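In what follows, a structure is listed as structure tokens, so that the remarks can point back to it.
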Amino acid sequence: MGLCTVVEVRAIVDPKHLTDDDIAAIITHASNVVALNTGSSVDADHDLLNTACIHLSAAMVLQKMKFTGELAAQIKLGNESQSNIIDIDIARHEQLAEKYMKKFRAASSGFSTLYGREGIKAVNSEE
């Protein structure tokens with residue numbers, strides 16, 4: 001079981017040449033990466049982990065589409081051509097996944113700062 005579903009990933013990225021089994025394998029890998037990076041398990045039920053898994057899976061699906069040629073750098077049909085700058089989308093999804101993993105780690109760490117003990121004119125201030 002993974003941290004997200006094929007339907008959730010296909011809502012963001014819907015490749016024509018990858019089957020649901022291919023995407024499920026990518027989700028399993030992404031779930032393992034998220035679990036290792038956050039210290040949770042792949043069976044955890046948390047919205048931040050779910051969202052991180054969706055974005056990391058979407059980035060991995062886009063990479064697979066790029067390497068299989070479905071989203072090649074440039075496609076030319078007759079006199080028309082189309083350029084795909086997919087690396088920006090991949091990086092964006094990876095950054096979003098990292099952002100949600102970081103939020104989960106911060107929320108589950110149990111550390112907090114004491115109110116009124118930092119900043120200018122506080123107890124331990126340099127000024």
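Here the structure is a predicted model, which is why all the values come from computation and not from measurement. Quick note: residue numbers are just sequence positions, from 1.
When all heavy atoms are compared, the tightest approach of Ile27 to Cys4 is CG2-O, 3.4 Å. Closest non-hydrogen pair, Ser31 versus Gly2, comes out as OG-CA, 3.3 Å. Nearest heavy atom pair, residue Val9 against residue Ser57, reads CG2-CB, 3.6 Å. Shown here for Ala97 and Leu56, the closest heavy-atom pair between the two residues is CB-N, 3.7 Å.
Just one of Val34, Val33, Leu49, Asn32 meets the side chain to side chain contact (heavy atoms under 4.5 Å, CB included) condition when paired with Val42; it is Asn32.
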Legend entry - Residues Asn37, Arg105; criterion side chain to side chain contact (heavy atoms under 4.5 Å, CB included); working and verdict: CA-CA 9 Å; Asn37 284 337; Arg105 286 190 299 264; 4.0 Å; yes

Inset, instruction - List the steps and the verdict of side chain to side chain contact (heavy atoms under 4.5 Å, CB included) for Val61 and Arg10. - result: CA-CA 9 Å; Val61 168; Arg10 280 200 184 270; over 6 Å; no

Inset, instruction - Apply side chain to side chain contact (heavy atoms under 4.5 Å, CB included) to the pair Ile90 and Leu62, showing each step before the final yes or no. - result: CA-CA 6 Å; Ile90 293 171; Leu62 287 171; 3.6 Å; yes

Inset, instruction - Run the numbers on Met65 and Ile86 for side chain to side chain contact (heavy atoms under 4.5 Å, CB included), then give the verdict. - result: CA-CA 10 Å; Met65 291 169 67; Ile86 198 66; over 6 Å; no

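Between Tyr100 and His55, the ring-plane angle classifies as parallel under the 30° and 60° cut-offs.
The CD1 atom of Ile26 sits 11.5 Å away from atom CG of Asp21, with the distance rounded to the nearest 0.5 Å. Note that the OG atom of Ser41 and the NE2 atom of His46 stand 12.0 Å from one another [nearest 0.5 Å]. Atom CD1 of Ile12 is separated from atom CG of Asp14 by 11.5 Å, given to the nearest 0.5 angstrom. Of the inter-residue distances, the one linking Asp47 atom CG with Leu3 atom CG reads 11.5 Å to the nearest 0.5 angstrom. With rounding to the nearest 0.5 Å, the separation of NZ in Lys99 from OG1 in Thr51 is 10.0 Å.
With respect to Asp22 and Lys64, no salt bridge is recorded, no charged nitrogen being found less than 4.0 Å from a carboxylate O.
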